[in-house]
Protein chains: 2
Amino acid sequence: MATISEPLYRRVRKDIVECALTPGKSFSEAELGRLYNASRTPVREACRRLEHEGLVRIIPFRGYSIAPLSVAEFHDLQEMQLIFEPATAALAAGRANQQELDEMRELATYEYNVEDTNSYHEFLQTNYQLHTLIAQASKNKRLSDVVSNVHVRLMRFFYLGLSFESHGPTLVAEHISMVDAICNRDAEEARIRATDHISKAIERSATLLMGAIRFGEAVFEASPDLAAATSSRRYIVPRI
Amino acid sequence: MATISEPLYRRVRKDIVECALTPGKSFSEAELGRLYNASRTPVREACRRLEHEGLVRIIPFRGYSIAPLSVAEFHDLQEMQLIFEPATAALAAGRANQQELDEMRELATYEYNVEDTNSYHEFLQTNYQLHTLIAQASKNKRLSDVVSNVHVRLMRFFYLGLSFESHGPTLVAEHISMVDAICNRDAEEARIRATDHISKAIERSATLLMGAIRFGEAVFEASPDLAAATSSRRYIVPRI
DNA sequence: TACGAGAAATCGGTATACCGACTGTTGACG
DNA sequence: CGTCAACAGTCGGTATACCGATTTCTCGTA
């Protein structure tokens with residue numbers, strides 16, 4: 001590989017996910033190019049990709065900003081998880097191969113130390129890998145791409161410390177329970193346990209959200225999504 | 001709006017969806033630029049977007065091709081529909097506003113003439129609009145974006161005449177039944193009817209697939225997805 | 001004739017100059 | 001003093017020249 005664009009894209013994505021690039025912060029192509037030592041063309045390309053993935057926002061003729069974090073987005077993404085994960089777990093139960101099952105067990109047993117930030121971040125990666133692997137095991141590439149994207153976008157919230165705090169052993173137990181069902185090829189049980197896992201994760205983050213909204217006023221945006229959703233325009237869906 | 005990129009993207013997407021651009025056909029940036037009277041930059045941008053949406057394939061340093069249609073993709077997309085549509089229908093039952101409900105009824109009653117290709121294409125658009133509207137009524141923007149993309153990708157198969165043939169009244173009945181449940185704010189009933197609708201659509205297309213695979217040898221690719229999926233590499237999911 | 005090395009052509013990746021859209025500022029006029 | 005219009009600065013959109021990766025063709029050699 002000799003392209004500038006691809007590694008640039010990965011680096012910027014990593015920095016956005018880990019919140020090294022502040023959510024909501026606006027920037028210009030030249031600025032980002034200076035930061036990562038690249039010229040405008042690959043920067044543009046990376047930004048376009050990131051926009052499709054919901055990590056960057058583009059205002060035509062104006063500029064860019066790191067996609068802000070909003071309560072609405074957090075809610076949307078978790079709602080999607082609640083729909084997707086039980087489905088992928090059930091499919092994985094029927095389709096995963098032995099290698100995948102082994103890998104799942106390995107990833108599911110990872111536990112982290114609440115006190116240690118590095119350990120927490122390590123866990124976030126492991127958690128991402130586990131859920132993505134389950135999605136991949138569904139053998140539905142298009143589906144697993146979507147699930148992976150949902151996780152990537154959620155990770156930004158987790159990197160802010162929004163969730164998971166002090167839930168280490170609980171989470172591991174839920175993961176193992178889910179993976180067990182998949183290993184037993186029990187699709188319905190896998191579906192139930194995945195639903196349970198995501199539901200509980202949503203409950204856990206709900207309480208944390210309360211505190212986060214206040215501290216995060218600089219980071220969280222004032223939910224323009226909601227305004228757009230409730231505006232009373234006529235619903236004409238465009239054709240292709 | 002004064003950009004070249006955006007309308008170009010829409011035009012190309014339309015042509016791909018309607019199979020005016022042959023699935024699998026390879027092309028170069030310059031070629032597409034000549035076809036649509038645009039220079040390389042906007043062409044590149046449009047192609048990148050389309051790649052992300054699964055309508056164009058990019059081979060690095062080599063060139064582009066219109067994403068081929070494969071049985072694997074068709075299967076994946078329908079499987080996703082079976083997961084997403086019942087969920088969006090249930091959410092829409094709880095969240096749709098009056099305008100959306102009115103619009104749904106209008107779209108659901110559209111019937112087409114089996115003999116007339118124009119009428120069939122008109123129906124494909126209406127069908128797309130209905131399903132997209134239901135997704136939008138879920139008030140989950142990220143979810144509805146995904147659902148919309150699944151439909152766009154499926155429409156290519158339908159434009160080939162792969163499905164829907166001579167099922168007009170049946171389809172309309174299923175649509176109305178689904179919309180009725182949503183209008184009654186009955187989430188569980190909406191979920192059931194959406195599941196029913198998609199299941200039947202999958203069954204209907206299954207029989208049609210048989211014939212299509214043969215006639216479509218030039219159009220359908222030999223399922224490299226399956227080969228990739230079953231290859232016995234070690235499953236290491238990359239980190240972010 | 002078969003094969004392989006090297007040259008040439010093709011085409012995407014990148015850098016960059018230029019253009020036009022949008023913003024913010026400033027100054028003149030009411 | 002307030003308002004609005006003209007202007008200048010900033011920055012993304014586009015066109016294009018150049019570069020390098022990949023492939024293909026060709027020609028010489030075994």
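Residue numbers start from 1 in every chain, and the chains themselves are labelled A, B, ... in the order their sequence lines are given, proteins ahead of strands.
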Tyr9(A) OH to dT14(C) P, straight-line distance once rounded to whole Å: 15 Å
Starting from C1' on dT10(C), measure out to CD1 on Ile59(B) and report it in whole angstrom. 14 Å
Distance in angstrom units between Phe27(A) CZ and dT10(D) C1', rounded: 16 Å
Contacts of Glu45(A) that satisfy side chain to side chain donor-acceptor pair (under 3.5 Å) - sequence neighbours left out: Ser5(A), Arg44(B), Arg48(B)
Tested for side-chain hydrogen bond (donor to acceptor under 3.5 Å, both in side chains) against Asn127(A), the lone hit among His175(A), Glu122(A), His151(A) is His175(A)
Picking from dA15(D), dG12(D), dG12(C), the nucleotide nearest the side-chain atoms of Arg44(B) would be dG12(C)
Whole-Å distance between dT23(C) P and Phe61(A) CZ? 12 Å
Where each residue is assigned the nucleotide of DNA chain C containing its nearest heavy atom, which of Ser39(A) and Pro60(A) is assigned the position nearer the 5′ end? Ser39(A)
Please tell me which of the listed nucleotides, dT14(C), dA21(D), dG12(D), lies nearest to the side chain of Ser28(A)? dG12(D)
Salt bridge flag under 4.0 Å for residues Asp15(A) and Arg11(A): no
Presence of salt bridge, Glu73(A) and Arg153(A), under 4.0 angstrom: yes
So, Tyr9(B) versus Glu53(B): side-chain donor-acceptor pair below 3.5 Å or not? yes
Checking contacts here: which listed nucleotide (dG12(D), dG13(C), dA21(C)) is nearest the side-chain heavy atoms of Glu29(A)? dG12(D)
Test side chain to side chain contact (heavy atoms under 4.5 Å, CB included) applied to Leu101(A) and Asn97(A), step by step: CA-CA 6 Å; Leu101(A) 296 178; Asn97(A) 60 36; over 6 Å; no
Between dG13(C), dA15(D), dA21(D), which nucleotide gets closest to the side-chain atoms of Thr41(B)? dA15(D)
Measure from CD on Glu6(A) to P on dG12(C) and round the result to the nearest Å. 18 Å
Distance below 4.0 Å between Arg48(A) side-chain N/O and dG13(D) OP1 or OP2: yes
Among the nucleotides dA15(D), dG13(D), dT22(D), whichever has the atom closest to the side chain of Arg40(A) is dG13(D)
Give each protein N/O atom lying under 3.5 Å from an N/O atom of nucleotides 5-7 of chain D, with the pair distance.
none

In whole angstroms, how far is the C1' atom of dG12(C) from the CD atom of Glu45(A)? 10 Å
Rounded to whole Å, please give me the gap between CZ in Arg62(A) and C1' in dT10(D). 8 Å
Measure the distance from OH on Tyr64(A) to C1' on dT10(D) and round it to the nearest whole Å. 14 Å
Out of dT23(D), dG12(D), dA15(C), whichever nucleotide has its closest atom nearest the side chain of Ile4(A): dA15(C)
Considering non-hydrogen atoms only, spot the tightest contact between Val43(B) and Glu29(B) and give its length. CG1-O, 3.7 Å
